[in-house]
Amino acid sequence: MHFRNVKGKMPRYVETFVDEGDIDMAEIVRILRDENYQGVMIPDHTPAMTCAASWHAGKAFALGYMRALVQNAHALGPSRSLAHDLAAE
């Protein structure tokens, strides 16, 4: 799965860092966890940072953010869709 975030909608959107876009990436990780997703997540279209190794730094930031979300998924609580389903029972 390509893990990326954007601001805006087609045809006018801007690729952002994973923690800055319109999509709640923690919610995406909760959904993947609740659905027992066993596949791979890779950072996709990561913006470059302003430094000597800009592309690498952007990828490192995205990977660290993704890893933190996955490692702490249990603390994020259920996804909104699962919480809604549980409340309806």
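When reading the values below, keep in mind they use all heavy atoms of this one structure, side chains included, and skip hydrogens, waters and symmetry mates.
The CE atom of Met41 lies 6.5 Å from the CG atom of Leu32; values are rounded to the nearest 0.5 Å. The line from CG of Leu69 to CD1 of Ile28 is 10.5 Å long, rounded to the nearest 0.5 Å. Rounded to the nearest 0.5 angstrom, Arg33 CZ and Leu76 CG are separated by 6.5 Å.
A continuous path of Ile, Leu, Val, Met, Phe, Trp and Tyr side chains, each step under 4.5 Å between heavy atoms, connects Met10 with Val6, placing both in one hydrophobic cluster. Hydrophobic clustering (ILVMFWY, side-chain heavy atoms < 4.5 Å, transitive): Met49 and Leu63 are in distinct clusters.
Closest approach of Pro43 to Thr46, counting heavy atoms only: CB-OG1, 3.8 Å. When all heavy atoms are compared, the tightest approach of Lys7 to Thr16 is CG-CG2, 3.6 Å. For the residue pair Val29 and Ala73, the shortest heavy atom distance occurs at CG1-CB, 4.2 Å.
Every salt bridge (Lys or Arg N to Asp or Glu O under 4.0 Å) that Glu27 has, sequence neighbours left out, goes to Arg30. Scanning for salt bridge (Lys or Arg N to Asp or Glu O under 4.0 Å) contacts around Asp19 gives an empty result, with sequence neighbours left out.
Residue pairs satisfying the salt bridge (Lys or Arg N to Asp or Glu O under 4.0 Å) criterion with at least one member in residues 43-58, sequence neighbours excluded, are listed as follows: Arg4-Asp44. For residues 9-36, the set of pairs meeting the ring-ring contact (aromatic ring centres under 6.0 Å, His included) definition, not counting sequence neighbours, comprises Phe17-Phe61.
By the 4.5 Å side-chain criterion applied to Ile, Leu, Val, Met, Phe, Trp and Tyr, Ile31 is assigned to no cluster and stands alone. Grouped with Ile42 in one hydrophobic cluster are Val40, the linkage being side-chain heavy-atom contacts under 4.5 Å among Ile, Leu, Val, Met, Phe, Trp and Tyr residues.
Side-chain atoms of Asn5 come within 3.5 Å of backbone N or O of Ile23 as a donor-acceptor pair.
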